[in-house]
Enquirer: 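Sharing a structure with you now.
Numbered from 1 within each chain, the chains take letters A, B, ... in sequence-line order. In this text, all values refer to a predicted model and were calculated from it rather than measured experimentally.
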There are 2 protein chains.
Amino acid sequence: MSLPHAILTALLEKPSSGLELTRRFDRSFGFFWSATHQQIYRELGKLEQSGAIRALPSEAPARGQKKEYEVLPAGRAELAAWAAAGQDPRPMRDPLLLRMRAAAVVGTDGLTAELRRHLDLHERQLEMYEGIERRDFPPERDSEQDRLRHLVLRGGIELETFWIRWLTQALDTVDGEE
Amino acid sequence: MSLPHAILTALLEKPSSGLELTRRFDRSFGFFWSATHQQIYRELGKLEQSGAIRALPSEAPARGQKKEYEVLPAGRAELAAWAAAGQDPRPMRDPLLLRMRAAAVVGTDGLTAELRRHLDLHERQLEMYEGIERRDFPPERDSEQDRLRHLVLRGGIELETFWIRWLTQALDTVDGEE
DNA sequence: CGCCTTTATGCAACTTGTTGCACAAGAGCG
DNA sequence: CGCTCTTGTGCAACAAGTTGCATAAAGGCG
């Protein structure tokens, strides 16, 4: 049940239309939560029905016309309750680690190229995050919000760093076999 | 489409019944892929129907009786093809990072306890992994299979280490606000 | 025997996430 | 005007994962 809360958070930071939200989820928001535009539209409909958000008044509320949403007090309260509630960490489910374990039984043919490709993807991702860190979190900005958001971004950066280190080890190990 | 392949990998390592598989997925297999017993039984049925695995003959093939499965050549081939194929890393989706971002907007009330609880869970998990590392991967064991499986376990260990480090930072940041 | 617990298999309903496509309006262009 | 491209909203079908419950046999116990 996290997607509605992700949308509420995004809308509290800045009221947006469905497509704008989609773009934000593809960019910086995607560090910690991804979503497709279909998911977003479906959820916006539900949130509007339940009274958590509302569409800002517009002259032309027709199909194909931009529709901006803002969060209502009920939505804000719901988000605050959710953020403070207890939730266990999700059990791990990583296809790449699984494939490595499978390779231990069926052989490592064709794996090197795939590992290199992933390494490259993670290196680009890391560069992007570091660019954002330089742009959005210079040392002089230090409000409460900035510190918390910076912390989240640091999570993304350190996770990418982990993958890069692991993939490098993996390439050493797999190449060593051949 | 990873669950069937996770099951094939587990069965290749050691033929098992549904409940045995469930236990393995709760223990060491869970480092990189989790599954409930309902998922597993459903998938075992599908895999048997498609000819990837078969039930080992038993005297009493009745409900409530243990039913062991083994992988057939078709299943092994399918797994090898899947392991070597290209698959993009999944987009991130972490509820805790999301909650931290939400907390930046709605406030950090009640968050400290939750962060401490997660820190504790990750510390236990790390200890468990390190125990397994000492037991199953002593320096003298160094076959190809061992190196690859050890690599996967190292992934689990380093991920837990990452979370512990991040949660410690997070606690510093959140406590600093109060 | 009758009752309870453990081991084991399994169905059904629901929620969440993905994929593919349809529809609508405006802008640029010959 | 008619054509195509971009922006924007949305439905429908499917796949994957979760939750709750049902069923059955075997072993221990009074």
Side-chain angles (χ1 to χ4, degrees), chain A residues 1-8 11 15-27 29-30 32-50 53-56 58-69 82 87-95 98, chain B residues 1-8 11 15-27 29-30 32-50 53-56 58-69 82 87-95 98:
Chain A
M1 296 260 299
S2 296
L3 178 58
H5 303 101
I7 291 178
L8 288 173
L11 287 180
S16 306
S17 70
L19 193 62
E20 280 164 4
L21 278 176
T22 304
R23 291 204 178 112
R24 293 172 63 195
F25 274 81
D26 282 344
R27 291 155 179 270
F29 233 79
F32 48 92
W33 204 269
S34 72
T36 61
H37 79 275
Q38 292 87 346
Q39 277 180 284
I40 290 169
Y41 282 119
R42 204 193 318 182
E43 208 59 47
L44 282 172
K46 284 188 204 165
L47 286 168
E48 191 178 18
Q49 272 223 318
S50 76
I53 63 174
R54 67 160 186 184
L56 291 175
S58 138
E59 317 88 68
R63 194 185 171 108
Q65 287 305 302
K66 198 153 88 166
K67 212 162 121 192
E68 289 226 311
Y69 291 93
W82 175 82
Q87 269 180 260
D88 285 338
R90 307 193 156 183
M92 258 274 266
R93 217 168 255 170
D94 188 277
L98 174 57
Chain B
M1 296 257 301
S2 296
L3 177 58
H5 302 103
I7 291 178
L8 288 173
L11 288 180
S16 306
S17 69
L19 194 61
E20 280 163 4
L21 278 176
T22 303
R23 289 200 181 115
R24 293 172 62 196
F25 274 81
D26 281 345
R27 292 156 179 269
F29 233 79
F32 47 93
W33 205 267
S34 72
T36 62
H37 79 275
Q38 292 87 343
Q39 278 180 285
I40 289 169
Y41 282 118
R42 204 192 320 180
E43 207 59 46
L44 282 172
K46 283 188 206 166
L47 285 168
E48 191 178 19
Q49 272 221 318
S50 76
I53 63 175
R54 66 161 187 183
L56 290 175
S58 140
E59 317 87 68
R63 194 184 171 107
Q65 288 304 303
K66 196 154 85 166
K67 212 161 122 191
E68 289 226 311
Y69 292 93
W82 175 81
Q87 270 180 257
D88 286 338
R90 308 192 156 185
M92 257 276 264
R93 218 170 253 169
D94 188 277
L98 174 58

Enquirer: Taking side-chain contact (heavy atoms from CB on, under 4.5 Å) as the definition, give me every residue that meets it alongside A:S50, ordered by chain and number, with sequence neighbours left out.
Expert: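 Partners of A:S50 under the side-chain contact (heavy atoms from CB on, under 4.5 Å) test: A:A52.
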
Enquirer: Mind checking salt bridge (Lys or Arg N to Asp or Glu O under 4.0 Å) for B:E43 and listing every partner two or more places apart, or none if nothing turns up?
Expert: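 Partners of B:E43 by the salt bridge (Lys or Arg N to Asp or Glu O under 4.0 Å) criterion come out as none, since no residue qualifies.
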
Enquirer: How sharply is the helix from C:dC1-D:dG30 to C:dG30-D:dC1 bent, taking the axes over five pairs at either end and rounding to 10 degrees?
Expert: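 Axis-to-axis angle, ends of the helix: 10°.
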
Enquirer: Report yes if a side-chain nitrogen or oxygen of B:K66 is closer than 4.0 Å to either non-bridging phosphate oxygen (OP1 or OP2) of D:dA25; otherwise report no.
Expert: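 For D:dA25, neither OP1 nor OP2 has a side-chain N or O of B:K66 closer than 4.0 Å.
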
Enquirer: Dump every N/O contact between nucleotides 17-19 of chain C and the protein below 3.5 Å, one line per pair.
Expert:
unit_1	atom_1	unit_2	atom_2	d
C:dG17	O3'	B:R93	NH1	3.1
C:dT18	OP2	A:Q39	OE1	3.2
C:dT18	OP2	B:R93	NH2	3.0
C:dT18	O4	A:R42	NH2	2.5

Enquirer: For B:R54, which residues count as a salt bridge (Lys or Arg N to Asp or Glu O under 4.0 Å) partner, sequence neighbours excluded?
Expert: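 Result, salt bridge (Lys or Arg N to Asp or Glu O under 4.0 Å) vs B:R54: B:E70.
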
Enquirer: Return the 5'-most residue of the pair A:M1, A:H37 with respect to DNA chain C, ranking by each residue's nearest nucleotide.
Expert: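 Closest to the 5' end, via its nearest nucleotide, is A:M1.
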
Enquirer: Could you state the atom-to-atom distance from CZ of B:F25 to P of D:dA16 in whole Å?
Expert: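 About 15 Å, once rounded to whole Å.
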
Enquirer: Just jot down the side chain to side chain donor-acceptor pair (under 3.5 Å) partners of B:T22, sequence neighbours excluded, or say none.
Expert: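 Side chain to side chain donor-acceptor pair (under 3.5 Å) check on B:T22 returns nothing, list empty.
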
Enquirer: Establish, with yes or no, whether the OP1 or OP2 oxygen of C:dT9 is under 4.0 angstrom from a side-chain nitrogen or oxygen of B:Y41.
Expert: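 True: B:Y41 side-chain N/O within range (under 4.0 Å) of C:dT9 OP1/OP2.
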
Enquirer: Could you pull out the closest heavy-atom pair between B:Y69 and B:L11, with the gap in Å?
Expert: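 Nearest heavy atoms, B:Y69 then B:L11: O-CD2, 3.8 Å.
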
Enquirer: How many whole angstroms separate atom CD1 of A:I40 from atom C1' of D:dG10?
Expert: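 One finds 13 Å between C1' of D:dG10 and CD1 of A:I40, rounded.
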
Enquirer: Apply side-chain contact (heavy atoms from CB on, under 4.5 Å) to A:R90 and list each qualifying residue two or more places apart in sequence or on a separate chain.
Expert: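 A:R90 satisfies side-chain contact (heavy atoms from CB on, under 4.5 Å) with A:S2, A:W33, B:P95 once adjacent residues are dropped.
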
Enquirer: Is A:T22 touching bases, backbone alone, or none of the nucleic acid, heavy atoms closer than 4.0 Å?
Expert: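 Nothing: the residue A:T22, judged by heavy atoms under 4.0 Å, touches no strand.
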
Enquirer: Who passes side chain to side chain donor-acceptor pair (under 3.5 Å) against A:R23, sequence neighbours left out?
Expert: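 A:R23: no side chain to side chain donor-acceptor pair (under 3.5 Å) contacts found.
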
Enquirer: How close or far is atom P of C:dT9 from atom CD1 of B:I7, stated in whole angstroms?
Expert: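 Between P of C:dT9 and CD1 of B:I7: 13 Å.
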
Enquirer: Looking at C:dT7, D:dG8, C:dT9, which one has an atom nearest to any side-chain atom of B:S17?
Expert: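 Nearest to the side-chain atoms of B:S17, counting from C-beta on, is C:dT9.
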
Enquirer: Which pair of heavy atoms, one from B:S16 and one from B:L21, lies closest together, and at what distance?
Expert: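 So the minimum-distance heavy-atom pair works out to CB-CG, 4.0 Å.
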
Enquirer: Please name all residues satisfying ring pair (Phe, Tyr, Trp, His ring centres under 6.0 Å) with A:F25, sequence neighbours left out, ordered by chain then number.
Expert: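 Applying ring pair (Phe, Tyr, Trp, His ring centres under 6.0 Å) to A:F25 gives A:F29.
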
